[in-house]
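It should be emphasised that the depicted structure is a prediction, and the values quoted were computed from it without experimental measurement. As a basis for the values below, the full set of heavy atoms in this structure was taken, side chains included, without hydrogen atoms, waters or symmetry mates. Both ligands and their constituent atoms are indexed starting at 1 by order of listing.
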Amino acid sequence: MKTQSCALLVIGAGPGGYVCATRAGQLGIDTIVVEAERPGGTCLNVGCIPSKALIHAADEFAKVRGFAGPNALGISVPPPSIDMARTVEWKDGVVKRLTGGVSSLLKKAGVRYVQGKATMVDGKTVEIGSGDGAIRIRAEHIVIASGSSPVELPFMPFGGRVISSTEALSLTRLPETLAIVGGGYIGLEIGTAMAKLGVQVTVVEAAGSILPQYDAELTRPVKARLDALGVTLHLAAKARGLSADGTALVVDTADGTFEIVADHVLVTVGRTPNIAGFGLEALGLAMDGSFIAIDDRCATSMRDVYAIGDVTGDPMLAHRAMAQGAMVAEIVAGEKRAWDKRVIPAICFTDPEIVVVGALPTEVDARKAKTSIFPFLANGRALSMERSDGFVRILSDIETGLILGIQAAGVGVSEMAGQFGLAIEMAATLTDIADTIHAHPTMGEVVQEAALKGLGKALHA
Ligand code: FAD
């Protein structure tokens, strides 16, 4: 068996692992990253990027389809069609460019990339492969960035008609009907895109609302749009399995059991950390439920072993994994770092989009916090883009005006997430936002108006 050694070994080249390895390389740390599949992990290959590419293609198609009928802009075009094989090829091209970029970044930073599945031997040793080609790597520090996988329903495993988000993002032929189990952000992002592409979509959600972690005010515009797109929602409904002939999804509700005939059943009921099958158990690391327990430096219970990203728990988001990855690299380089982020933005790329940064109304003491909300309905830019649904909502401390949370629902509001996060990280107050000149005409003016409203001096209300 060949042996190698390094100062830092990173298991997994997803957003957490590749950022950690790149930063470590930049800091002059002798680093190896091991990846079982493809650089970029879930996010670049089968997650964030391909889903946003599909959403973009669906939006473009729906836009042209809208022009084929009566429309306010007076545009007329023949009814469009879509060649999904071409669309998927384009999406794969976007993914390839980005994953190629990850490989280049690692190379530029002097990181050694090893293709293969790492199995942990002990807290300092990892083996890749078997037989003559096997490699043993000894490392001073190990970072576990093994990510997560889609949760499978035991009574309806993936295969055949039952698919995960991974397969849903690569369908080269559109189904006529799609049943989605799980009305969280992944199910709704893909479901909305499919509905825009002309697929008959039905969503089955066990909770009493879609996107159950958010309040009704925030999800209302998304629900309205799903209704307009003809998506059928079954709330407080539980998928029980496939019908005996396998052509339908059987669903239980308080009112009884019924079947939804579907070409595909997409299961998006959550993601589970990748902690099994690579020798992790032998290390006996402290766990936090099914996740690896970490402290504020991402250190595990074993000396010089760190864990980052989805394998360490919620929120399972790429930007959290990346921030943890960069921090751990700097810690290994000897810098004094600890997790000091006040907020991690969360975005649902639904239609309209939802951005959540900081505290939600349900998470603050209503006697101490003020909520000010301003709609896009009164915003010139939103109106001139034909989409004025949604709003910006600011939660602030009644006494000090300190911003506690900002949420928005609206077209393109994902691009406001940075501004919201910055406000909270910089300990901004309502006055700071209200006194900042926001360019006209932009949808961002609604953020300023919401702050002005919180101060009792909204201009365009
Ligand atoms: P991963 O990206 O899962 O990477 C882990 C890597 O480790 C994998 O490549 C895996 O092959 C490798 N690995 C595992 N075990 C081993 C081993 N033993 N040896 C070698 N390699 C190993 N997040 C967002 O922030 N924004 C979004 O818009 C968004 N959209 C999403 C859409 C979908 C459809 C999905 C599924 C996810 C989405 N996510 C989104 C979540 C995001 O993809 C994850 O939070 C992110 O990828 C986590 O990064 P990670 O580095 O922890 O793990």
Can you pull out every salt bridge (charged side-chain N to carboxylate O under 4.0 Å, His left out) where at least one residue sits in residues 290-319? Sequence neighbours excluded, please. K124-D304
[X] heavy atoms, cut-off 4.0 Å: which ligand 1 atoms fall inside?
| X | value |
| --- | --- |
| G309 | 52 (O) |
| L317 | 23 (N), 24 (C), 25 (O), 45 (O) |
| C43 | 2 (O), 43 (O), 47 (O) |
| S51 | 32 (C) |
| F349 | 28 (O) |
| S146 | 5 (C), 7 (O), 14 (C), 15 (N) |
| S165 | 34 (C), 36 (C) |
| A145 | 5 (C), 6 (C), 7 (O) |

Output a table of donor-acceptor pairs, distance under 3.5 Å, between side-chain atoms of residues 278-294 and any protein atom two or more places apart or on a different chain; print 'none' if there are none.
none

What is the nearest protein non-hydrogen atom to [atom], stated with its residue, atom name and distance?
| atom | value |
| --- | --- |
| atom 45 (O) of ligand 1 | D310 OD1, 2.9 Å |
| atom 42 (C) of ligand 1 | C48 SG, 3.9 Å |
| atom 53 (O) of ligand 1 | G147 CA, 3.1 Å |
| atom 25 (O) of ligand 1 | A318 N, 2.9 Å |
| atom 3 (O) of ligand 1 | T42 OG1, 2.6 Å |
| atom 18 (N) of ligand 1 | A118 O, 2.9 Å |
| atom 39 (N) of ligand 1 | Y185 OH, 3.1 Å |
| atom 6 (C) of ligand 1 | E35 OE1, 3.5 Å |

Heavy atom under 4.0 Å from ligand 1: found in [X]'s side chain, backbone, both, or neither?
| X | answer |
| --- | --- |
| I11 | side chain |
| S148 | backbone |
| K52 | side chain |

[atom2] on [Y] to [atom1] on [X], rounded to 0.5 Å:
| X | Y | atom1 | atom2 | result |
| --- | --- | --- | --- | --- |
| M194 | L229 | CE | CG | 13.5 Å |
| S103 | Y18 | OG | OH | 11.0 Å |
| E140 | L8 | CD | CG | 9.5 Å |
| M84 | E89 | CE | CD | 12.5 Å |

Any idea which of [options] brings a heavy atom closest to [atom]?
| atom | options | value |
| --- | --- | --- |
| atom 7 (O) of ligand 1 | G12, A276, A307 | G12 |
| atom 49 (O) of ligand 1 | G14, P15, P150, A13 | P15 |
| atom 35 (C) of ligand 1 | P39, A36, G47, G16 | G47 |

Are any of the N/O atoms on I308, whether in the backbone or the side chain, positioned under 3.5 angstrom from an N/O atom of ligand 1? no
[Y]/[X] salt bridge by N-O under 4.0 Å criterion:
| X | Y | result |
| --- | --- | --- |
| K336 | E330 | no |
| D215 | R393 | yes |
| K63 | D59 | no |
| R387 | D389 | yes |
| K238 | D252 | no |

Taking atom types as modelled, find out whether [X] and [Y] have a side-chain donor-acceptor pair closer than 3.5 angstrom.
| X | Y | value |
| --- | --- | --- |
| Q4 | R112 | yes |
| T247 | R161 | no |
| R381 | T442 | no |
| S148 | R271 | yes |

Contact between ligand 1 and Y18 is defined here as a heavy atom of the residue under 4.0 Å from a ligand atom; is it met? no
Non-hydrogen atom of R271 closer than 4.0 Å to ligand 1: yes
